[in-house]
2 protein chains.
Amino acid sequence: MREHRQDTRSRIQDVALDLFTEQGYEATSLREIAERLGVTKAALYYHFKSKDEIVTSFMEDRAATLERLVAWGQAEPRTDEMRREFVRRYAAELTEGRHYRVMRFLERNQTALRDHPKSERVREVMYSVFELLSEADDPLPLRIKSSLALFAMHATWFIAPEQDYSDEEREGAALQVALELVDAVAADRQPTG
Amino acid sequence: MREHRQDTRSRIQDVALDLFTEQGYEATSLREIAERLGVTKAALYYHFKSKDEIVTSFMEDRAATLERLVAWGQAEPRTDEMRREFVRRYAAELTEGRHYRVMRFLERNQTALRDHPKSERVREVMYSVFELLSEADDPLPLRIKSSLALFAMHATWFIAPEQDYSDEEREGAALQVALELVDAVAADRQPTG
DNA sequence: GTCTATAGCGCGATAGAC
DNA sequence: GTCTATCGCGCTATAGAC
């Protein structure tokens, strides 16, 4: 939830995140961000050293949160119930703060962020997330299903965008599908129960 | 499969498609494309009126192919078996020509192509594809699963990229998961058989 | 069909006043 | 903390020779 009163630094982050996601990082100029805030480009440079550093500032938070969640998962036994609880926690955190918007920004600017250090950090920790949901000897179809569980939680926005589902409905349905997928993978691993 | 001998126009398309997908549309300059081909920027302008028109040229083929497939599906009765056959045809076409590369280019340049007419045409026909896989009264979780079936076929490249699965293994596994998902959706619709 | 040369523009970033 | 003014660059695109 965005605060009603924010300092300038935080307002720059919010406007930039929205514009970068909507139009793309490269297609969004600092002039546009400044204009929407009612200031000039030069003012932005008081708060951030560069355009790149605006991105860094909100990616850092996402990377740290994901790393904490992965640390929790790695300390737990690798059971089916751990995986269910992991997915629940992942979904819950995604709805807090700027996390969902940052993931959407990342997905839609994969190429522009290809060599960005923070982007690589998020990609690496997402790979650890994927590893947590997988077993070493899972065949490829099971790996794909585990990945789709993660993707389901990120992608609610592109499902039936014209229909008026509430955010809560979308989040709930996405979590349900994600849990069904990890359950299906668990069942596939032990066909005899 | 790319031909060994190509005319210059076709070579420009291939190099541009690869660079646009790898680095992003906006981040790729005509100078880079020209250099990789061993010609100058001005030479590209003999074959294409603008940078935008290079994109248009390979998106047109993708849109037309998708529209033909959707026309087939819309003429068929909306049965479970039609949906299975539709997914099989979709997967088969994706492996031909430049289709898979064009979809990857689209996914990775969503923002840059936001207002591109051909991109909107592909988005619209993808929405018709989604409609074909859905029933009017499908609840949200079923809609999400149907979408994931499509996504599975596009996303094999991000699954375990470091492992050496062959293209055939990836395509086969993705098709299998997509079919399992449409079957699961069909089963959810008729829990009593 | 490809070249050299350049026009014209918007960008990220900086300097220095207030 | 925000402003005006400007620098330098790389880009898309075009003109015209060969």
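By convention in this document, chain letters (A, B, ...) are assigned in the order of the sequence lines, proteins followed by strands, and residues within each chain are numbered from 1.
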Looking only at side-chain atoms of [X], point me to the closest of [options].
X       : options               : value
A:Tyr46 : D:dG1, C:dC11, D:dT12 : D:dG1
B:Thr40 : C:dA15, D:dA13, C:dC3 : C:dC3
B:His47 : D:dC3, C:dT2, C:dC11  : C:dT2

Step-by-step ring-ring contact (aromatic ring centres under 6.0 Å, His included) determination, A:Tyr90 to A:His99: CA-CA 11 Å; A:Tyr90 188 96; A:His99 293 294; 9.7 Å; no
Neighbours of DNA chain D within residues 48-58 of chain A, by heavy-atom distance under 4.0 Å: none
Upstream residue (5' side of DNA chain C) when B:Ala43 and A:Glu32 are each assigned their closest nucleotide: B:Ala43
Closest-nucleotide 5' rank along DNA chain C - winner of A:Tyr25 and A:Ala42: A:Tyr25
Check ion pair [X]-[Y] (N to O, under 4.0 angstrom):
X        : Y       : value
A:Glu32  : A:Arg36 : no
B:Glu81  : B:Arg88 : yes
A:Arg89  : A:Glu85 : yes
A:Arg121 : A:Glu60 : yes

Backbone N/O of A:Ser134 and side chain of A:Arg78: donor-acceptor pair under 3.5 Å: yes
Calculate the interatomic distance between [X] atom [atom1] and [N] atom [atom2]; express it in whole Å.
X       : N      : atom1 : atom2 : value
B:Leu44 : C:dT2  : CG    : C1'   : 11 Å
B:Glu35 : D:dC11 : CD    : C1'   : 14 Å
A:Tyr45 : C:dA15 : OH    : C1'   : 14 Å
A:Glu26 : C:dC11 : CD    : P     : 13 Å
A:Leu30 : D:dT2  : CG    : P     : 15 Å
A:Lys41 : D:dA5  : NZ    : P     : 14 Å

Taking only N and O in the side chain of [X], is any of them less than 4.0 Å away from OP1 or OP2 of [N]?
X       : N      : answer
A:Thr28 : C:dC11 : no
B:Ser29 : D:dC11 : yes
A:Arg31 : C:dC11 : yes

Residues B:Gln13 and B:Ser57: side-chain donor-acceptor under 3.5 angstrom: yes
